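Only one structure is covered here, and it is reproduced in the block below.
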Number of protein chains: 2
Amino acid sequence: MIPVGKYRMTQQRKVILAAVQRDLERHMTADEIYEAVRRKLPRISLGTVYRNLEILAELGAIQKLELTGSVKRFDGNPSRHYHIRCMHCGRVDNAPVAPLQQIEDKLYGATVFTIIGHRLEFEGLCPRCSQEAAADFSPIEEQTKD
Amino acid sequence: MIPVGKYRMTQQRKVILAAVQRDLERHMTADEIYEAVRRKLPRISLGTVYRNLEILAELGAIQKLELTGSVKRFDGNPSRHYHIRCMHCGRVDNAPVAPLQQIEDKLYGATVFTIIGHRLEFEGLCPRCSQEAAADFSPIEEQTKD
DNA sequence: CTACATGCAAATGCTTTGCAACCTA
DNA sequence: TAGGTTGCAAAGCATTTGCATGTAG
């Protein structure tokens with residue numbers, strides 16, 4: 001835990017970083033991180049969580065994910081990779097696909113823009129929501145309201 | 001302008017649709033559409049613009065784009081295609097690249113998700129912002145503050 | 001005529017920010 | 001002990017919604 005630049009390594013920052021890094025395959029929202037961190041530091045504020053996530057992303061320790069929808073998620077693995085999002089519950093996992101560098105080649109000369117990069121996001125249903133969807137279509141099992 | 005289902009074709013809806021379809025290569029935010037429509041219908045409200053964009057997207061006449069960042073944009077071309085976004089000013093254009101269906105094949109068997117689709121967004125600089133960036137790096141021309 | 005639609009304003013959801021007190025290096 | 005950091009609360013921003021009135025079919 002080495003302080004970098006003008007930043008200090010506070011207790012809050014440490015616990016927030018640990019929370020984001022806890023499961024590198026699944027990615028939480030700021031609010032979920034807040035709830036997780038609160039179990040260790042009950043007096044922490046949501047503002048502090050947002051501020052630290054911003055700083056940790058700036059330092060390159062984590063990355064901020066801007067996927068479809070209005071809520072951002074945070075990834076404890078700062079290296080470039082794609083994600084898959086559940087269209088039903090919003091769960092975001094890593095997508096086990098290597099970055100496709102050549103994808104940008106198709107655009108050269110075809111656009112007036114200077115191309116810098118690309119973002120690829122897969123959409124689907126997580127196991128839990130797939131199962132629910134299957135049950136909803138099943139003509140055999142009766143559905144019970146919750 | 002045929003009314004579809006339970007929906008009516010009001011003056012407001014017509015003008016909003018026309019505004020979105022006006023330039024099929026560039027995509028506006030709700031607020032930009034509001035400003036454009038206001039020149040024809042000065043008493044329209046922003047709420048009406050949002051409501052109609054939602055309905056037009058539901059009808060499949062336009063599509064709502066959820067790209068990086070917090071503001072949505074609307075595309076008068078409802079068919080599937082990719083986009084390129086200026087990282088500096090937010091301008092969004094069509095990306096002249098055919099949809100890559102096979103891209104999802106790489107994920108089959110490698111994820112616990114049921115794959116439904118993907119979203120690909122290119123990032124770069126629009127001509128205006130490229131030019132500004134070039135000027136900022138030029139050792140020859142003096143910069144003047146605005 | 002009767003739903004659907006509108007204008008207005010208030011409410012929402014997520015995120016950011018101002019400020020005084022507090023801590024880390 | 002200086003300046004980054006915190007908790008708290010208020011503000012910000014894009015979008016949505018409740019309601020009384022208006023209007024398309």
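Naming: A, B, ... by sequence-line order, numbering from 1 per chain. These numbers come from the heavy atoms of this one structure, side chains and all, not from hydrogens, waters or symmetry mates. Everything numeric in this text was worked out from a predicted model, so none of it was measured.
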Output the rounded distance in Å from [atom1] ([X]) to [atom2] ([N]).
X     : N      : atom1 : atom2 : answer
B:N52 : C:dG7  : CG    : P     : 9 Å
B:Y7  : C:dA5  : OH    : C1'   : 11 Å
B:F74 : D:dA14 : CZ    : C1'   : 11 Å
A:I55 : C:dT15 : CD1   : P     : 16 Å
B:K14 : C:dA5  : NZ    : P     : 14 Å
A:E66 : C:dC14 : CD    : P     : 15 Å
B:Q12 : D:dA24 : CD    : P     : 8 Å
A:Q11 : C:dC22 : CD    : C1'   : 15 Å

Quiz item: Between the side chains of B:E121 and B:T68, does any donor sit under 3.5 Å from an acceptor?
Solution: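 A donor-acceptor contact under 3.5 Å links the two side chains.
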Quiz prompt | For the student: nearest non-hydrogen atoms of A:L46 and A:A30, plus distance | solution = CD1-O, 4.3 Å
Exercise. Starting from the 5' end of DNA chain C, give me the residue, B:R13 or B:R43, whose nearest nucleotide shows up first.
Key: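 Nearer the 5' end of the strand: B:R13.
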Quiz item: Is A:E66 salt-bridged to A:R73, cutoff N-O under 4.0 Å?
Solution: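 Salt bridge absent between A:E66 and A:R73.
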Quiz prompt | Selection residues 102-136 of chain B - residue pairs positive for ring-ring contact (aromatic ring centres under 6.0 Å, His included), sequence neighbours left out | solution = B:Y82-B:H118
Quiz item: If you look only at pairs with a residue in residues 48-78 of chain B, which of them pass as a ring-ring contact (aromatic ring centres under 6.0 Å, His included), with sequence neighbours excluded?
Solution: none
Quiz item: Considering heavy-atom distances to DNA chain D, does B:R73 or B:T10 have its closest nucleotide positioned more toward the 5' end?
Solution: B:R73
Quiz item: salt bridge (Lys or Arg N to Asp or Glu O under 4.0 Å): which pairs involve residues 47-61 of chain A, sequence neighbours left out?
Solution: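 Passing the test, one end in residues 47-61 of chain A: A:E54-A:K64.
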Quiz item: At how many degrees, to 10°, do the end axes of the helix from C:dC1-D:dG25 to C:dA25-D:dT1 meet when each uses five pairs?
Solution: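 The angle separating the two end axes equals 40°.
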Quiz item: Is it the case that one hydrophobic cluster holds both B:L24 and B:I62, taking links as side-chain heavy atoms less than 4.5 Å apart, direct or via other members?
Solution: no
Under 3.5 Å, N/O pairs linking protein and nucleotides 16-18 of chain C:
from   : atom 1 : to    : atom 2 : distance (Å)
C:dG18 : O6     : A:R51 : NH1    : 3.2

Quiz item: Checking side chain to side chain contact (heavy atoms under 4.5 Å, CB included) against B:R13, which of B:T48, B:I55, B:L53 comes through?
Solution: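 The residue from B:T48, B:I55, B:L53 that satisfies side chain to side chain contact (heavy atoms under 4.5 Å, CB included) with B:R13 turns out to be B:I55.
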Exercise. Check each of A:R91, A:R85, A:H88 against A:L125 using the side chain to side chain contact (heavy atoms under 4.5 Å, CB included) test, and report the only one that passes.
Key: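 Between A:L125 and the candidates, side chain to side chain contact (heavy atoms under 4.5 Å, CB included) is satisfied uniquely by A:H88.
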Practice problem: Within residues 34-41 of chain A, find the residues that approach DNA chain D with a heavy atom at under 4.0 Å, and present them sorted by residue number. | Solution: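 Heavy-atom cutoff 4.0 Å gives no residues at all.
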Self-check item: Derivation and outcome, side-chain contact (heavy atoms from CB on, under 4.5 Å), residues B:L120 and B:H83
Solution: CA-CA 7 Å; B:L120 174 59; B:H83 297 94; over 6 Å; no
Quiz item: Does any N or O in the side chain of B:T111 come within less than 3.5 Å of the main-chain N or O of B:L107, such that one atom is a donor and the other an acceptor?
Solution: no
